[in-house]
Novice: 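Got a structure for you, written out below as structure tokens; questions coming shortly.
Note that this is a predicted model, so its numbers are computed, not measured. Reckoned from all heavy atoms, side chains included, excluding hydrogens, waters and symmetry mates.
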Amino acid sequence: MDFFDLANKRRSIRKFTDEEVPEEVIEKSLKTALLAANSSNLQPWEFYWIKDKNKKEELIKACFSQNAAKTAKELVVAVSRIDTWKRNRDLVISHYKSKGKLLPLVEKYYNTLVPLQYYYDPFGISTILRKIILFFFNFIGFFKPIARGPSNKHELFEIVTKTTALACQNIMMSLVAQGYDSCPMEGFDNSRVKKLLNLNNKSHIVMVLGIGKRDPKGVYGDRYRIDEDLVIKIVD
């Protein structure tokens, strides 16, 4: 299959067969996720492949025991984080240095702009300072384009969550390419899943992926998309 065949074949499967999914299929799909485009190459994602039987049962319950979770042979939880930027930033800089490609502009970007966007203290002082800076920047914005965010934790979570969602799409397409399917689930008890994975308040559950071989009855109806003229806009 070429890419367009894969895109057409990918569906959200609500029921899977009893066929096991080889471990190498999951491993390959997770490694493909890491190739996804991401903001500033900070890779603010984590993927939890739940293999423990008891934890898997807990996760199924946290997903309201829906068929896509209950019949899935494998479950993966996609998590975005706003507290791994410093570690990942340092790793990126080290990589550039090892290749002899750390340009002054790149170093300045990662050591100045990235902390300005990503650093948050537990008392919210950085948020207040950031909002004051952006308030004055808005005046400059009358005359030229400027960066207008993120100004708070919510906006930062939006950035890292978009990035992680891109990686999830890579997982789903990779599974189809290997003859398997998935269902991206947003229906879950966020607090219970976080507790199960021992996550802090600087992490966000993006989705839970049910993975397996599609059951013929696992597709609930034909794919329907609204008219493309409603959503594809040509700006002449």
Side-chain angles (χ1 to χ4, degrees), residues 12 21 23 26-66 68-70 72-92 114-127 130 149-172 174-175 182-212:
S12 293
V21 181
E23 287 200 356
I26 306 297
E27 291 169 356
K28 192 171 184 178
S29 297
L30 291 174
K31 289 177 181 178
T32 303
L34 307 184
L35 300 177
N38 62 96
S39 181
S40 298
N41 200 26
L42 289 175
Q43 306 166 56
W45 47 46
E46 288 179 340
F47 301 95
Y48 292 79
W49 179 9
I50 312 302
K51 301 181 76 172
D52 180 89
K53 185 177 180 181
N54 293 328
K55 289 186 177 180
K56 190 173 180 180
E57 286 301 318
E58 286 183 52
L59 181 57
I60 291 171
K61 290 177 183 177
C63 291
F64 312 120
S65 298
Q66 56 183 293
K70 195 165 54 175
K73 301 308 292 184
E74 303 293 343
L75 291 169
V76 171
V77 183
V79 177
S80 61
R81 305 195 70 112
I82 62 171
D83 58 351
T84 57
W85 69 267
K86 188 179 291 185
R87 178 199 66 188
N88 295 0
R89 184 273 313 269
D90 291 346
L91 290 170
V92 169
V114 166
L116 183 64
Q117 291 181 318
Y118 281 81
Y119 176 75
Y120 281 90
D121 64 276
F123 306 106
I125 297 173
S126 60
T127 300
R130 193 175 285 108
S151 64
N152 54 50
K153 187 185 288 188
H154 172 78
E155 291 178 354
L156 184 54
F157 265 125
E158 184 178 346
I159 292 173
V160 298
T161 297
K162 283 189 291 187
T163 279
T164 304
L166 290 173
C168 289
Q169 184 72 2
N170 274 19
I171 293 176
M172 291 186 280
S174 175
L175 288 166
S182 62
C183 183
M185 293 175 278
E186 293 184 293
F188 52 82
D189 185 322
N190 185 69
S191 295
R192 288 179 181 274
V193 178
K194 274 194 169 186
K195 183 177 180 181
L196 175 67
L197 301 178
N198 195 30
L199 298 173
N200 60 26
N201 63 1
K202 293 185 178 179
S203 59
H204 175 68
I205 310 294
V206 178
M207 64 182 75
V208 179
L209 289 164
I211 298 169

Novice: Taking Leu42's backbone N and O only, do any of them form a donor-acceptor pair with Asn88's side chain (distance below 3.5 Å, no angle check)?
Specialist: yes
Novice: Might you point out which heavy atoms bring Glu186 and Val206 nearest each other, and give the distance in Å?
Specialist: CG-O, 4.5 Å
Novice: I would like to know whether His204 and Val160 meet side-chain contact (heavy atoms from CB on, under 4.5 Å); could you show each step before the answer?
Specialist: CA-CA 9 Å; His204 175 68; Val160 298; over 6 Å; no
Novice: Indicate yes or no for a side-chain donor-acceptor contact from Thr163 to the backbone of Ser39 under 3.5 Å, with no hydrogens or angles considered.
Specialist: yes
Novice: Identify the heavy atoms of Asn200 and Lys202 that sit nearest to each other, and give their distance.
Specialist: OD1-N, 2.9 Å
Novice: Just do the salt bridge (Lys or Arg N to Asp or Glu O under 4.0 Å) check on Arg192 and Glu58 with the steps written out, would you?
Specialist: CA-CA 9 Å; Arg192 288 179 181 274; Glu58 286 183 52; over 6 Å; no
Novice: Quick one: pull up CG in Asp52 and CG in Leu59 and give me the separation to the nearest 0.5 Å.
Specialist: 11.0 Å
Novice: How close do Glu23 and Trp49 get, counting heavy atoms only, and between which atoms?
Specialist: O-CH2, 3.9 Å
Novice: With side-chain contact (heavy atoms from CB on, under 4.5 Å) as the test, pick out the partner of Phe47 among Ile171, Val79, Val77.
Specialist: Ile171
Novice: Kindly give the heavy-atom pair with the smallest separation between Ser182 and Leu175, and that separation in Å.
Specialist: CB-CD1, 3.8 Å
Novice: Show the nearest heavy-atom pair for residues Met185 and Leu209, with the distance to one decimal.
Specialist: CE-C, 4.2 Å
Novice: What distance do Gln43 atom CD and Thr164 atom OG1 have between them, rounded to the nearest 0.5 Å?
Specialist: 11.0 Å
Novice: Measuring from Ile205:CD1 to Lys194:NZ, what's the distance to the nearest 0.5 Å?
Specialist: 6.5 Å
Novice: Taking everything shown except Lys28 itself, do over 12 heavy atoms lie less than 6.0 Å from its NZ?
Specialist: no
Novice: Thr32 and Ser174: which non-hydrogen atoms are nearest, and at how many Å?
Specialist: OG1-OG, 3.7 Å
Novice: Find the distance between OH (Tyr120) and CD1 (Ile125) and round it off to the nearest 0.5 Å.
Specialist: 14.0 Å
Novice: Once rounded to the nearest 0.5 Å, what's the spacing between atom CG of Asn198 and atom OH of Tyr48?
Specialist: 8.5 Å
Novice: If we ignore hydrogens and angles and just use 3.5 Å, is the side chain of Gln66 paired with the main-chain N or O of Gly187 as donor and acceptor?
Specialist: yes
Novice: A side-chain contact here means heavy atoms from C-beta on lying under 4.5 Å apart; do Trp85 and Pro115 qualify?
Specialist: yes
Novice: Tell me, do Leu34 and Trp45 make a side-chain contact under 4.5 Å, heavy atoms counted?
Specialist: yes
Novice: Would one find more than 12 heavy atoms of other residues, nucleotides or ligands at under 6.0 Å from atom NZ of Lys61?
Specialist: no
Novice: Roughly how far apart are Ile82 CD1 and Thr161 OG1, rounded to 0.5 Å?
Specialist: 9.5 Å
